Amino acid sequence: MIITLKDGSTKEYSAPMTVLEIAKDISEGLARAATAGEMDGEVVDLRHRVDRDCSLSILTASDPEGLAAYRHTTSHILAQAVKRLYPQAKLAIGPSIADGFYYDIDIEGGFTPEDLEKLEGEMKKIVKENLEITRFTKPREEAIALMKERQEPYKVELIEDLPEGAEISFYQQGEFIDLCAGPHLMSTKPVKAFKLTSLAGAYWRGDEHNKMLTRIYGTAFPKKAELDEYLTMMEEAKKRDHRKLGKELGLFMMHEAGPGFPFFLPKGMILKNTLLDYWHELHERNGYQEISTPIILNRSLWETSGHWDHYKNNMYTTVIDEQDYAIKPMNCPGGVLVYQSEPRSYRDLPLRLGELGIVHRHEKSGQLHGLMRVRCFTQDDAHIFMTPDQIRDEIKGVARLIDEVYSLFGFKYHVELSTRPEDSMGSDEDWELATDALRGALDDLGLSYAVNEGDGAFYGPKIDFHLQDSIGRTWQCGTIQLDFQLPLRFGLEYTGADGEKHRPIMIHRVAFGSIERFIGILIEHFAGAFPTWLAPVQVKVLPISEKFLDYGEKVLAELKKAGIRAELDVRSEKIGYKIREAQSLKIPYMLVVGAKEEEQSLVAVRSRFKGDEGQSSLAGFTEAIQKEIASKEIKKVEIEEK
């Protein structure tokens, strides 16, 4: 058999070999670092026997899938530690996730943070024991009997729900056996740098009607330095938590009267409206026309669009005049109706329709998280209708617009191309044409991208933009989706240059994504210290004492006249206290006014960026800050923040 390796070279073997044996044949060092294999695009265990011609990559912890195998093994070590210390505990599931792993456990009374320390200690013992990890399979009835014997009812349920004929595999390390598809490391020894990070509640199988289990979260890395770096980032993330800062800065609130439905407070509305002002300016400059479509539309529309069949579980529905209606989870069908409202010619295309549409989606209560996961949000949608020969240019135009947005806020980003999912509409030909068009546009722009197989929308493939914030976390925000299906389902047409009727092609795209979520990301990215143009309060006027309130009022009036968002601190507090409070509220500029400033019509400038900047004429300060606001500059902090 001939094995084609990642670098294009080949290896030839006369007999079947395991992935690990092939890794050893390539290099002993590679074998030591190996965590899994990828055979013809499928991730496989190191124990997997290769018995045919194929392409094979040896995965290590530096590969996402390899790191997942490393962390999955760590989750089993956690489960083994749980069973050693708490034999009465029942195990549910324990997968690897983006930042680590978790295990759901049914135990009376749950766990405490002190329990996590005990579990970590036991995990270290298991690693030190260097337990060999082996894989075996069993027929369905024997598998069920084994899990019943070990008193693991959740595992029994999982096996019973597997399709007939499915391979049922287990992994064993020492006395511990777990139902699992793998892959896993060869032993417990390589798992060195790990940390149990938090506890949470989780319904069995994500169903709120089922029992609430205890979820233990953790993470693991092949090197201690990587773990330390991650934990430092997590500590920084806690300080930047948008829920905490949102409350401290008076930006937004949540209330039990509407879980998942955010309330924006006055300062939060200034932030939101400033962001939306930029959105309007950006889209007008790029040739978009703004529309607004209804929040509630009837069932017939959602059936035509396909949402009723493919998305109903996430939709809120109601009955009006004995007819079914739905609150829109997406803006696209409304945009289609606008296109359909009058005859269109090829001369009208491309037609770029932008909408700041409020949408509602039913999210489970356990998944709600501040502004990051809500049930009601404003989506900065746009729908572009075009001819086939306009596809690439329009995709490139959208990509450039998204790049401008992310660059403005100082975000780096990477791109993913997501292909056809299993639950999809349309012909193979349409999907191939759409996917090739997206791929071609990315190639034209010279953008590197990863392919995310099977993660497209049900109506078309998409390009996703994943931005990276100031502490290294990634967020998926911008997206471009190419859609041949809605124009077909709604019978959209335009008259071509040949006088015949043709069907337009449609792009769905967002730049910010959810405005609410983007604000949450901005809060954490800037730690609440927004650039001056975006700050709800740009200047705080601080009189040294009540004697200088009148002069402070004059300064305030001049600033407001110049279009600067300013406030006056009228309290009879000491100036040091006022300055510290303004700093805690992340105000970009403070203007201190006292006797000398009043006599000479000056202001003493303090900034978040340089600290004490000395005295300035009010006109000079006003002109400088106006330029900073107009340029949307992100100033660097030159003083040590305390």
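Please read these numbers as outputs of a predicted model, since none were measured by experiment.
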Novice: Mind checking the CZ-CG spacing from F385 to L349? Nearest 0.5 Å is all I need.
Specialist: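 One finds 9.5 Å between CZ of F385 and CG of L349.
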Novice: Determine yes or no for a side-chain-to-main-chain donor-acceptor pair under 3.5 angstrom, with S470 supplying the side chain and H525 the backbone.
Specialist: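 The answer is yes, because a donor-acceptor pair under 3.5 Å joins these two groups.
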Novice: Are any side-chain N or O atoms of Q80 and backbone N or O atoms of Q173, one a donor and one an acceptor, separated by less than 3.5 Å?
Specialist: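 Answer holds: yes.
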Novice: Let me confirm one number: the CZ-CD distance from F221 to E229, rounded to the nearest 0.5 Å.
Specialist: 8.0 Å
Novice: Would you kindly say whether T293 and E355 are connected by a side-chain donor-acceptor distance under 3.5 Å?
Specialist: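 There is such a pair (donor and acceptor under 3.5 Å, judged by atom type) between the side chains of T293 and E355.
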Novice: I'd like to know if the side chain of R392 reaches the main chain of D444, judged simply by a donor and an acceptor atom lying under 3.5 Å from each other, with no hydrogens or angles considered.
Specialist: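 No: the side chain of R392 does not pair with the backbone of D444.
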Novice: Scan side-chain atoms only and decide if T474 and H466 contain a donor-acceptor pair under the 3.5 Å cut-off.
Specialist: no
Novice: Taking M186's backbone N and O only, do any of them form a donor-acceptor pair with E132's side chain (distance below 3.5 Å, no angle check)?
Specialist: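 No; judged by distance alone, with no hydrogens or angles, the pair does not exist.
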Novice: Can you tell if the side chain of M1 reaches within under 4.5 Å of the side chain of M17, non-hydrogen atoms only?
Specialist: yes
Novice: Can you confirm if the aromatic rings of Y70 and F101 lie within a centre distance of less than 6.0 Å?
Specialist: no
Novice: Can you confirm whether E65 sits close enough to L59 that some side-chain heavy atom of one is under 4.5 Å from a side-chain heavy atom of the other?
Specialist: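 SC-SC contact between E65 and L59 confirmed.
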Novice: So K396 and D443, salt bridge (Lys or Arg N to Asp or Glu O under 4.0 Å) or not? Walk me through it.
Specialist: CA-CA 10 Å; K396 288 189 283 187; D443 291 340; over 6 Å; no
Novice: Ignoring hydrogens and angles, tell me if any N or O in the side chain of W302 forms a donor-acceptor pair with the backbone of L297 under 3.5 Å.
Specialist: yes
Novice: According to the interplanar angle, ranging from 0 to 90°, do the rings of H72 and H76 count as parallel (below 30°), tilted (30 to 60°) or perpendicular (above 60°)?
Specialist: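 Perpendicular, since the angle between the ring planes exceeds 60°.
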Novice: Distance only, no hydrogens: is a donor on one side chain within 3.5 Å (strictly under) of an acceptor on the other, for D51 and Y13?
Specialist: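 There is no such pair (donor and acceptor under 3.5 Å, judged by atom type) between the side chains of D51 and Y13.
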Novice: Taking atom CD of E432 as the centre, report whether more than 12 heavy atoms of other residues, nucleotides or ligands fall under 6.0 Å from it.
Specialist: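 No - once you tally the heavy atoms of other residues, nucleotides and ligands closer than 6.0 Å, there are 12 at most.
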Novice: Might you confirm whether atom NZ of K138 has over 12 heavy atoms from other residues, nucleotides or ligands at distances under 6.0 Å?
Specialist: yes
Novice: Could you tell me whether E404 and R400 make a salt bridge, using a distance below 4.0 angstrom between a side-chain N and a carboxylate O?
Specialist: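 Salt bridge absent between E404 and R400.
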Novice: Pairing donors with acceptors under 3.5 angstrom, does anything connect the side chains of Q390 and T387?
Specialist: yes
Novice: Look at the side chain of S9 and the backbone N and O of L5, then say whether any donor-acceptor pair between them is shorter than 3.5 Å.
Specialist: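 Side chain of S9 to backbone of L5, a donor-acceptor pair under 3.5 Å: no, none is there.
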Novice: Show the numbers, then the answer: is there a salt bridge (Lys or Arg N to Asp or Glu O under 4.0 Å) between D380 and R509?
Specialist: CA-CA 8 Å; D380 74 312; R509 57 108 285 207; 3.7 Å; yes
Novice: Are a donor atom and an acceptor atom from the side chains of E524 and H242 found within less than 3.5 Å of each other?
Specialist: yes
Novice: Do any N or O atoms from the side chain of D207 and from the backbone of H209 form a donor-acceptor pair under 3.5 angstrom?
Specialist: yes
Novice: Please check: side-chain N/O of K155 versus main-chain N/O of A92, any donor-acceptor pairing under 3.5 Å?
Specialist: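 Flag set: sc K155 to bb A92 pair under 3.5 Å.
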Novice: Do you know which two heavy atoms are closest between F176 and A79, and how far apart they sit?
Specialist: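 Heavy-atom minimum between the residues: CZ-CB, 3.5 Å.
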Novice: Show the numbers, then the answer: is there a salt bridge (Lys or Arg N to Asp or Glu O under 4.0 Å) between E453 and R420?
Specialist: CA-CA 7 Å; E453 297 288 354; R420 187 177 188 173; over 6 Å; no
Novice: Give the intermediate values and the outcome of salt bridge (Lys or Arg N to Asp or Glu O under 4.0 Å) for residues E38 and K6.
Specialist: CA-CA 10 Å; E38 186 176 9; K6 189 175 183 179; over 6 Å; no
Novice: For the side chain of D45 and the backbone of R47, is there at least one donor-acceptor N/O pair under 3.5 Å apart?
Specialist: yes
Novice: Donor-acceptor pair, Y288 side chain versus L282 backbone, under 3.5 Å?
Specialist: no
Novice: Tell me, with the steps shown, if Y449 and F465 meet ring-ring contact (aromatic ring centres under 6.0 Å, His included).
Specialist: CA-CA 10 Å; Y449 57 91; F465 293 77; over 10 Å; no
Novice: Would you please indicate yes or no on a ring centroid separation below 6.0 angstrom for Y494 and H502?
Specialist: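 Yes, the ring of H502 comes within the 6.0 Å limit of the ring of Y494, centre to centre.
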